[in-house]
Amino acid sequence: DKHLAPNRNPTKGWAGFKHRQKMHWNSVGLAWREWKAGLELWRGLLKRVEGRQGTGVISYFLLLKFLLFLNLFIFLATFGCIVVFDQFFKPLGYTSNTIGTRDPLTDEYIVNSSVCAEKYVVNKTSGFQLALDFIQGTGWMTKTALFYGHYGNQEVDFPGHSYNVPLAYLLTTVLVLITSLVVIVHKITSEAEGLESATGSSDGAFFRSVFSRWDFRVCGEKPTKLQHRNFYHQMCGQLEEFRHQQRKSSRTGCGRCCLVFVRILINILIIGLLGAAAAAIYYAQKYSSDVTTSTAVNTYDQVRILAIQFLPSLVIAAINSVYPVIFGLAAILERYSPDVVIKITVLRIVFVRLAALIVVTATIYVNITCSQQDMCRVGTGECPAIQCWETYFGQQIYKFMVTEIAIDILMTFIHELPRKLLTTKCDCGLLKKIGPAEFDVAMCVLNLVYAQTLCWLGFFFVPLLTAMLVLRLLMLFYLKTFSALYTTVPPEKPYQASRSNAFFMVTLLVTFFLIAVPMGYVFVALRPSPMCGPFRVYAAPVDIVGVQISLAHGHVKNFYDVISSSAFIIILLLILLLAIYYLWKMKSANYDVIKQLQRQLLQGEKDKQFLLLKLSNISGSPQKPAPGINKSRPEPATNTPRVVQAAPPSVANNNFNNNNNSAPPSYSEHDGVIHNDVIHTNKERGLLAITSHPEVRADANVVIRNNDAEAAMEIGDDW
């Protein structure tokens with residue numbers, strides 16, 4: 001030991017110096033990591049929520065945190081590239097960078113824009129109407145930097161240079177959409193492990209959790225309690241999955257047919273509900289548009305006007321509140337697993353909310369493309385008289401956002417908190433049976449997806465909408481943290497967060513692509529309003545790019561012609577399809593390899609079980625085969641007799657203690673079966689002898705405790 005100690009723990013010379021430096025830098029690195037972890041936003045609160053509600057609920061807060069940083073980037077990009085230059089710098093008028101070679105005095109679009117811009121007048125209000133305009137986004141709000149119609153269509157004087165506001169407006173919008181797509185795809189790839197586990201096998205997951213999930217680095221009473229609760233919720237989720245698998249395997253053929261029929265019937269009813277919701281939203285939006293754009297609206301009182309303005313938002317809010325309850329009851333009748341219940345409920349609510357936005361967008365599109373319009377694209381006759389349709393559409397998105405903020409506050413303080421107080425402080429049996437509200441992960445995630453969808457759809461028309469969303473997400477985090485810690489209880493059927501995080505991100509990605517289609521159409525094909533906005537003098541917003549290309553050098557024009565040609569686009573699509581096919585085949589091959597390795601591991605476990613069964617049969621103490629063992633494999637033959645008679649009273653349930661002065665016990669003197677015996681030996685270097693005897697068998701639970709580490713043990717062959 002004296003010779004080996006310096007090699008194990010060097011303390012002298014150059015080796016000792018290197019060892020001390022290594023330990024010092026290790027401690028510095030650990031302190032640095034701890035300091036960075038301490039700077040993580042909401043780390044302590046997230047740990048508390050995870051300890052109380054489990055990892056399934058914490059996945060919602062992680063998604064909220066991700067969207068907060070994404071929208072913070074969108075806000076900074078929009079504010080820094082558009083709002084600042086339009087608000088604080090002097091316009092230079094029409095230049096070649098904005099209108100190209102067109103003549104401002106004779107060009108039709110420029111002349112119409114000058115005439116129509118003078119007709120775009122906002123009514124002045126005062127008193128209580130100012131507050132109503134702030135809530136509705138009407139009146140004086142339309143002339144603020146919040147909406148599209150406020151921004152100019154000319155270059156501004158930047159010190160030493162000029163800044164093209166229309167070009168910056170379009171490029172910033174496209175940059176934000178592309179950045180959002182890249183960030184979401186990167187997030188999905190980082191969650192790929194959870195996505196694979198959602199479709200893969202869960203064999204052994206429970207046992208891995210039991211034996212290797214606990215984090216032994218956690219110290220202290222409070223962190224240990226939090227991890228204990230987190231561990232408890234994870235185990236509940238896994239056990240619920242196992243119970244569902246058992247119920248699924250025990251179904252008969254008739255039961256499976258009835259279940260399929262019930263699921264088909266429920267899906268037909270849900271499709272009917274979706275059609276009814278779309279019809280209700282269409283008529284509400286049409287009525288609101290017809291009334292608010294007519295001259296008779298001036299005769300209505302303020303409360304009635306407010307109700308009509310918010311009628312589509314209120315109808316959508318009612319549908320979003322009632323339909324999830326119906327979908328939850330339908331999922332119970334369909335008897336899916338907890339993970340599938342979450343996913344199918346999320347998909348159904350996504351369809352409802354996207355259908356609502358699609359109906360509203362389609363209704364407004366029909367109004368703004370009505371055939372009876374004047375030169376300023378304002379409806380006449382039976383068409384609604386909508387001025388600056390971009391601002392009008394932005395007002396609808398603004399109202400949706402205001403309505404969602406109000407619902408977030410009301411749900412916490414009007415529903416969850418009173419229910420918690422009544423069910424915990426009152427002794428009424430009915431209230432005790434109802435209990436506090438559960439933390440509904442599906443609804444909370446859908447609120448986030450819906451809010452982000454509104455942001456993507458509306459930030460082109462409401463540039464500062466992302467500022468509202470950032471403030472809403474901050475408020476929502478603290479509201480939901482209060483709800484998770486004090487007013488709600490964990491879900492009755494917990495689920496595994498690793499299987500849902502990637503699914504939530506995929507849902508967000510699908511909504512992004514659905515929103516990208518109408519946004520692309522607005523950029524390329526839909527004519528802007530000539531009364532307002534940075535694109536009033538163009539046939540489409542994308543024409544500003546054509547102006548810049550026409551002013552560029554010949555090589556830039558040639559490059560643009562090449563990348564915009566149909567041949568280049570077809571080749572690019574073919575390359576993308578080949579890349580997708582290659583990646584899909586690689587994934588399939590990797591999945592097959594994983595399945596093969598899982599089968600090999602399972603076969604190894606079965607072989608071990610078979611060997612243990614064989615050994616137990618040879619020793620005369622047969623065991624029940626474990627689940628999963630190959631029962632078709634023949635059991636080994638043995639001639640060892642089994643003794644099944646009860647043990648004598650002098651043998652069963654006794655403690656044989658061998659202390660320093662007593663001789664080692666020998667079971668060769670006993671006849672019969674030994675039951676539940678505990679044999680102790682404390683004699684220094686003593687011999688514990690259990691000899692062979694044809695009539696001595698261990699029937700169950702024989703414990704041999706050798707308290708002397710150096711004592712010898714001799715066990716007969718039959719044992």
Side-chain angles (χ1 to χ4, degrees), residues 77-78 81-82 85-86 89 91-117 148-158 161-179 181 365 368-369 375-377 388-391 393 456 459-461 463 515-573:
T78 305
C81 298
I82 301 176
F85 290 95
D86 185 82
F89 294 94
L92 296 176
Y94 293 114
T95 62
S96 60
N97 289 329
T98 55
I99 62 174
T101 57
R102 294 185 294 172
D103 187 359
L105 300 177
T106 58
D107 185 78
E108 179 183 359
Y109 287 100
I110 299 176
V111 172
N112 289 343
S113 173
S114 301
V115 174
C116 295
Y148 168 92
H150 169 76
Y151 294 90
N153 62 332
Q154 302 173 0
E155 284 189 316
V156 296
D157 185 15
F158 190 66
H161 302 279
S162 60
Y163 191 82
N164 195 333
V165 174
L167 181 64
Y169 201 104
L170 180 64
L171 295 183
T172 302
T173 304
V174 175
L175 174 65
V176 164
L177 293 175
I178 294 176
T179 303
L181 175 62
Y365 175 77
I368 65 178
T369 56
M375 59 177 293
C376 298
R377 295 181 59 82
C388 188
W389 66 264
E390 293 93 345
T391 298
F393 183 78
W456 284 327
F459 83 98
F460 179 78
F461 310 99
I515 294 301
V517 173
M519 293 298 294
Y521 179 76
V522 169
F523 295 158
V524 176
L526 192 58
R527 181 178 176 182
S529 173
M531 303 185 74
C532 62
F535 305 105
R536 68 187 76 172
V537 297
Y538 304 105
V542 75
D543 289 348
I544 185 63
V545 179
V547 172
Q548 306 306 312
I549 296 298
S550 63
L551 298 176
H553 298 287
H555 297 293
V556 177
K557 293 180 181 179
N558 296 333
F559 177 75
Y560 178 78
D561 293 338
V562 169
I563 63 175
S564 60
S565 62
S566 58
F568 179 83
I569 295 175
I570 292 175
I571 294 174
L572 182 62
L573 290 176

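Quick caveat: nothing in here was measured; it's all calculated off a predicted structure.
Looking at heavy atoms from C-beta onward, Tyr560 lies out of side-chain contact with Gln548 at the 4.5 angstrom threshold. Proximity of Thr95 to Gln154: side-chain heavy atoms (C-beta onward) are nowhere separated by under 4.5 Å. Two residues are said to be in side-chain contact when any heavy atoms from C-beta on lie closer than 4.5 Å; Phe393 and Val522 fail this criterion.
A pairwise comparison of heavy atoms in Phe461 and Glu390 identifies CB-O, 3.6 Å as the closest pair. Across every non-hydrogen atom of Arg377 and Pro528, the tightest pair is CD-O, 3.8 Å. Of all heavy-atom pairs between Asn97 and Ser162, the closest is ND2-OG, 4.3 Å. For Val165 against Gly152, the heavy-atom pair with the smallest separation is CG1-O, 3.9 Å. The two residues Val537 and Tyr109 make their nearest non-hydrogen contact at O-CB, 3.5 Å.
Distance OH/Tyr151 to CZ/Phe85: 13.0 Å, rounded to 0.5 Å. Within the model, atoms CZ of Phe158 and CZ of Phe89 stand 5.0 Å from one another, a figure rounded to the nearest 0.5 Å. For the atom pair OG1 of Thr173 and CD1 of Ile82, the computed distance is 5.0 Å after rounding to the nearest 0.5 Å. Separating the CG atom in Leu167 from the SG atom in Cys81 is a distance of 11.0 Å, to the nearest 0.5 Å. Going from atom CD1 of Ile544 over to atom OH of Tyr538 covers 3.0 Å, rounded to the nearest 0.5 Å. Rounding to the nearest 0.5 Å places CD1 of Ile549 at 11.0 Å from CG of Asn558.
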Q. What do the steps show when you test Leu526 against Trp389 for side-chain contact (heavy atoms from CB on, under 4.5 Å), and what is the final call?
A. CA-CA 11 Å; Leu526 192 58; Trp389 66 264; 3.3 Å; yes
Q: Kindly determine whether Phe568 and Asp561 satisfy side-chain contact (heavy atoms from CB on, under 4.5 Å), including the steps that lead there.
A: CA-CA 10 Å; Phe568 179 83; Asp561 293 338; over 6 Å; no
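Here the side chain of Asn112 pairs no donor or acceptor atom with the backbone of Pro530 at under 3.5 angstrom. A distance-only check finds no donor-acceptor pair linking the side chain of Glu155 to the backbone of Thr98 [under 3.5 Å]. Using modelled atom types, no side-chain atom of Tyr163 and backbone atom of Asp86 make a donor-acceptor pair closer than 3.5 Å. With hydrogens and angles ignored, the 3.5 Å screen pairs a side-chain donor or acceptor of Thr391 with a backbone N or O of Gly149. Side chain of Asp543 to main chain of Ala540: a donor-acceptor pair is present (N/O by atom type, distance under 3.5 Å, no hydrogens or angles).
Every disulfide bond (SG atoms under 2.5 Å apart) that Cys116 has, sequence neighbours left out, goes to Cys376. Partners of Asp107 according to the salt bridge (Lys or Arg N to Asp or Glu O under 4.0 Å) rule, which considers only residues two or more places apart in sequence or in another chain, are Arg102.
Note on ring orientation: taking the six-membered ring where Trp is involved, the planes of Tyr148 and Tyr169 are perpendicular (angle over 60°, cut-offs 30° and 60°).
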